[in-house]
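Every heavy atom of this structure was used, including side-chain atoms; hydrogens, water molecules and symmetry mates were not. In what follows, chains are A, B, ... by sequence order, proteins preceding strands, each numbered from 1.
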Amino acid sequence: MTPPPSELPERYDPAGTEARWQSAWDAERAFHAEPVARDGEPSPLPDAPKAYVLEMLPYPSGEIHMGHVKNYTMGDVVAHHRRRTGHVVFHPMGYDAFGLPAENAAIRTGEPPATVTHRNIAAIRMQLRRLGFSIDWDTEISTADPGYYRWTQWIFLRFLERGLAERREAAVNWCPADQTVLANEQVVDGLCERCSAPVELRQLPQWFFRITDYAQALLDDMDLLDDWPERVLTMQRNWIGRSVGARVVFRLADDPDVVIPVFTTRPDTLHGATFFLMAPEHPLVPRLVEGRPERDAVMSYLAGAARTAVAERSSMERPKTGVSTGRHVTNPATGEQIPIWVADYVLMDYGTGAIMAVPGHDERDFAFARAHGLTVRRVIAPEGVPADAPLEEVWAGPGRLVNSGPLDGMTVDEAGDAMCALLAARGDGEATVGYRLRDWLISRQRYWGAPIPVVNCDVCGVVPVPDADLPVLLPHVDDYAPRGQSPLAAALDWVSTTCPACGAPARRETDTMDTFVDSSWYFLRYTAPDLTEGPFRREVADYWLPVDQYIGGVEHAILHLLYARFFTKVLHDLGLVGTREPFARLFTQGMIHHHGAKMSKSRGNVVPPDEIIQRFGADTLRLYILFMGPAADDAEWSDSGVEGQRRFLDRVWRLVRGLPGDVDPGRPSADDLAGDAAALALVRKAEATVAKVSQDIAERFSFHTAISAIQELVNHATRDGAEGARDTAPVRMASWHAARTTVSLLFPFAPHIASELWAAMGGDRLWEEPWPQADPEFLTADIVTIVVQVNGKVRDRADVSPDITDEDLIALALALPKVQAAMGGAEPARTIVVPGRLVNVVVGGT
RNA sequence: GGGGACGUGGCGGAACGGUAGACGCGGCGGACUCAAACUCCGCUCAUGGAAACAUGGUGUGGGUUCGACUCCCACCGUCCCCA
């Protein structure tokens, strides 16, 4: 079918080649892997080692961008390499298909989000196929598919049973433009991450996942994540924000039955707590001022705070505002009555929504005290400072306790422990651990998401929809625009239902789930994409999981990766999967820039992958996107850079086309090449390249250096081919060997042209061909160039046998005229020999 | 303010304590061509030199080492995360 080298077309035609091989792979389902769990069928597990290679699934916007190309090409290289090194490779693809863009389009055009989404998925799929990725298209999934979100809902119900999902009233971030609630993580600098509108706070009943219950587990299991980038782990650690401190109970001075607990990381400073602050959202605040003269002032302050962005409220630069309630709490350490103020820099979100203010030793409390004329007391004195020295500025450093009764004289650490013991003995608190991590707010007042599968019954309250009634399908609605509540609320027939518990009329929950919920378990669903018996089957999931290599953008370092870890732990604790961590090895890629900025429609600097494929071919694009630089770094797009990679593929094409003869003369042995130094050198180069490329792919994730190594090999082979019309047996063998090696190594990066050339050379199914092994016979040279240094400076080089003894090498080095000149007649004080690399002669007083 | 990453030719980058600048882009010169495109060959860190070669050179300043782009400290700059 494929012509031999000499009859290959003169010019490489990517479009034809790529289409041909893509349909060949399709026809034989070349990249499908078993086991996959199917209804009513057993799923026998293979003996071969497995490799689950996964890239973060795309949001189907309708067009892929260069970031996708980079992401999926990297994954594809890894997948191909693993496949050819004897692994059963699972490399699936899906779509994170719920979410706002499709819904916003629906609001504009009236077209149902499902229609928009299906069209976009078809477009994205086409583009991914055009790139020739070795994806298992049999296991494709979409999170917006009822067959998928049925199980998202099912998992929600398991969370609900475990008490890990709950509805509660909360001050939530409200985006006035999108008319929806946002998670804290979706608020950036007080603005909506998506539309950049200033975010407001509102009190609403909301659904939460209690991820904070897993804060410690998420921290502890990072020990299992050896192959994650350290910076991602650091970001997650900071995000979880574990801090050791104490819970301290304060009581109202005139009504000690009312307790207001606080969390503090500085229990040692309790004697210095001279006032008490509450967040404006604290539910107790209105009660404290009810019927008091301060009421109006406090209530208007609360209203103002609700309009102020959270980021602005907690900014260090902003003046500390607040208002007195006229009420007091008792400081449990001193027995003093200290005033309660409301201050907006205290966040309901953080700790308990109330703090003990220690102005002497906390910067913000100090600023507040100064602004409002409150008492500042020193309770810590740094070395050499007397206890009664006035505090001109805040002291947050170490020292010994003063003015603190029983704690006086202790260090900060000792005092912290002592105070915790004291509080515990009196029932006023205890040592505890606090986390910065908040519970995950999952409800969205939006249409295009998985409906939260519960029913609100006047009699029974919140009642879960029975498993058998799942999925709770999204109803048809006429108007997708949010009106402060979910568009689902307008689907009256859908909303009104009967209570599964008592049969009374009831109303469906109209909130849908955050799309991060959908993507927190998709890597499990791939193992059972069509299963209706359950979300997945444990033994199949346990065969594939954890993902051996996960690849995606660093922008997901915190949210998606933390949520997916959380889900996996919960599913593990439910006995549904064996692993506690979903992703064994993680790689985070850099972004592609153009004209110095991230590619975006608004900047008008987008280079559409399709256009590049059309001009140069998918193989060229794949090659270039990885050649741009270290995969983890951001990289700048360059049109001429793409052309360079196309030129390289043209060169490879001509290399194979120009091979001497049409029949592979077979793998050369050292004897075959004896006496032909050029042929031997070429085979050595080929073997060295095998070693380098294998290591770069498998161990270093260094694709650009792997490609450059193949380019070196091609340069070498081309040069030697041009040199000689020498058609001798050794040259023939070496040339074929170099070409075969080139094509074989090139395959993961440029699979179409490699398959074509491989077939021309008489090979078959390169995607199943065992990955080349470097032949050790050709990895050692018989001549090595040794660098000769004098005092660490290179003075000369010498070609010697690798077996030369150190003594001979030193003698040879010392005899070199340039070395003698550099030594200036001095005697060597010392010589250092690095075998096979260099000799360093040390002279003089260094 | 705290934490982290990174600073190398005209550009992207290579060099995992041992020849700094592989590979590619761009540039210059040449061959092929009536001419061009394509392709091929050569040169391309700086300074001096026709060349051989010499000297300097990896943000700045110190340190460790026989030897530092690489390790350590400080500073300057850029970027990221958290406040």
For Asp227(A) and Tyr550(A), does a side-chain donor sit closer than 3.5 Å to a side-chain acceptor?
-> no

Using the side-chain heavy atoms of [X], tell me which of these nucleotides is nearest: [options].
{"X": "Arg837(A)", "options": "C81(B), C66(B), G18(B)", "result": "G18(B)"}
{"X": "Gln645(A)", "options": "G24(B), G18(B), A20(B)", "result": "G24(B)"}
{"X": "Ser640(A)", "options": "G26(B), U19(B), C66(B)", "result": "G26(B)"}

Residue pairs passing the side chain to side chain donor-acceptor pair (under 3.5 Å) test with at least one member in residues 804-823 of chain A, sequence neighbours excluded, are Thr805(A)-Asp808(A)

For nucleotides 53-56 of chain B, print each protein N/O atom paired with a nucleotide N/O atom at under 3.5 Å, atom names and distance only.
| unit_1 | atom_1 | unit_2 | atom_2 | d |
| --- | --- | --- | --- | --- |
| U55(B) | OP1 | Arg795(A) | NH1 | 3.2 |

Nearest heavy-atom pair of [X] and [Y]: which atoms, and what distance?
{"X": "Glu392(A)", "Y": "Arg370(A)", "value": "O-NH1, 3.8 Å"}
{"X": "Gln549(A)", "Y": "Leu586(A)", "value": "NE2-C, 3.8 Å"}
{"X": "Asp268(A)", "Y": "Gly416(A)", "value": "CB-N, 3.6 Å"}
{"X": "Met66(A)", "Y": "Pro609(A)", "value": "CE-CA, 3.6 Å"}
{"X": "Met356(A)", "Y": "Val262(A)", "value": "N-CG1, 4.0 Å"}

Without swapping roles, check the side chain of [X] against the backbone of [Y] for a donor-acceptor pair under 3.5 Å.
{"X": "Gln236(A)", "Y": "Ala557(A)", "value": "yes"}
{"X": "Asn71(A)", "Y": "Gly553(A)", "value": "no"}
{"X": "Ser708(A)", "Y": "Thr705(A)", "value": "yes"}

Atom pair distance, as rounded to whole Å: [atom1] in [X] and [atom2] in [N]:
{"X": "Arg657(A)", "N": "C40(B)", "atom1": "CZ", "atom2": "P", "answer": "14 Å"}
{"X": "Leu838(A)", "N": "G67(B)", "atom1": "CG", "atom2": "C1'", "answer": "8 Å"}
{"X": "Asn840(A)", "N": "G18(B)", "atom1": "CG", "atom2": "C1'", "answer": "9 Å"}
{"X": "Met235(A)", "N": "C81(B)", "atom1": "CE", "atom2": "P", "answer": "7 Å"}
{"X": "Met591(A)", "N": "C79(B)", "atom1": "CE", "atom2": "P", "answer": "13 Å"}
{"X": "Arg438(A)", "N": "C82(B)", "atom1": "CZ", "atom2": "C1'", "answer": "15 Å"}
{"X": "Asp806(A)", "N": "G18(B)", "atom1": "CG", "atom2": "P", "answer": "18 Å"}
{"X": "Asp639(A)", "N": "G26(B)", "atom1": "CG", "atom2": "C1'", "answer": "14 Å"}

Using the [atom1] atom as the reference point in each nucleotide, state the distance between [N] and [M] in Å, no decimals.
{"N": "G42(B)", "M": "C32(B)", "atom1": "C1'", "answer": "15 Å"}
{"N": "C73(B)", "M": "G21(B)", "atom1": "P", "answer": "29 Å"}
{"N": "A15(B)", "M": "A20(B)", "atom1": "P", "answer": "16 Å"}
{"N": "G17(B)", "M": "G67(B)", "atom1": "C1'", "answer": "8 Å"}
{"N": "U19(B)", "M": "A68(B)", "atom1": "C1'", "answer": "15 Å"}
{"N": "A46(B)", "M": "U39(B)", "atom1": "C1'", "answer": "33 Å"}
{"N": "C41(B)", "M": "G48(B)", "atom1": "P", "answer": "31 Å"}
{"N": "G77(B)", "M": "U58(B)", "atom1": "C1'", "answer": "16 Å"}

Could you give me the CA-CA distance, side-chain angles and deciding distance for Phe703(A) and Phe701(A), then say whether ring-ring contact (aromatic ring centres under 6.0 Å, His included) is met?
-> CA-CA 6 Å; Phe703(A) 304 113; Phe701(A) 243 75; 5.1 Å; yes

Would Phe366(A) and Trp395(A) count as a ring-ring contact (aromatic ring centres under 6.0 Å, His included) if you check the C-alpha gap in whole Å, the side-chain angles of each, and the deciding distance to 0.1 Å?
-> CA-CA 10 Å; Phe366(A) 185 82; Trp395(A) 176 250; over 10 Å; no

NA contact type, Val834(A), heavy-atom cut-off 4.0 Å: base, sugar-phosphate, or nothing?
-> base

Taking 4.0 angstrom as the limit, do Arg654(A) and Asp650(A) come out as a salt bridge?
-> no

Neighbour count above 12 (heavy atom, 6.0 Å) for Glu699(A) CD = yes

Could you classify G9(B) for me, syn or anti, using a glycosidic angle within 90° of 0 as syn?
-> syn

For Glu712(A) and Thr785(A), take the nucleotide of RNA chain B holding the closest heavy atom to each; which residue's nucleotide lies nearer the 5' end?
-> Thr785(A)

Shorter than 3.5 Å, N or O on both sides, protein versus nucleotides 36-39 of chain B: list them out with atom names.
| unit_1 | atom_1 | unit_2 | atom_2 | d |
| --- | --- | --- | --- | --- |
| U39(B) | O3' | Arg654(A) | NH2 | 2.9 |

Check whether any side-chain N or O of Asn715(A) sits under 4.0 Å from OP1 or OP2 of A22(B), and answer yes or no.
-> no

Give me the ring orientation class for Tyr624(A) and Trp637(A): parallel if the planes are under 30° apart, tilted from 30 to 60°, perpendicular past 60°.
-> perpendicular

Annotated structure of RNA chain B as dot-bracket, pair cut-off 3.5 Å, Watson-Crick or G-U only, | for inter-strand, is (((((((..(((.....[....)))((((((.......))))))((((....))))..(((((..]....)))))))))))).

For nucleotides 1-16 of chain B, read 5' to 3', which letter fits each nucleotide if B means a protein heavy atom sits under 4.0 Å from the base, S means only the sugar-phosphate is that close, and - means neither?
-> -----------BSSSB

For Gln216(A), the side chain to side chain donor-acceptor pair (under 3.5 Å) test, sequence neighbours excluded, returns Asp220(A), Arg242(A), Tyr435(A)

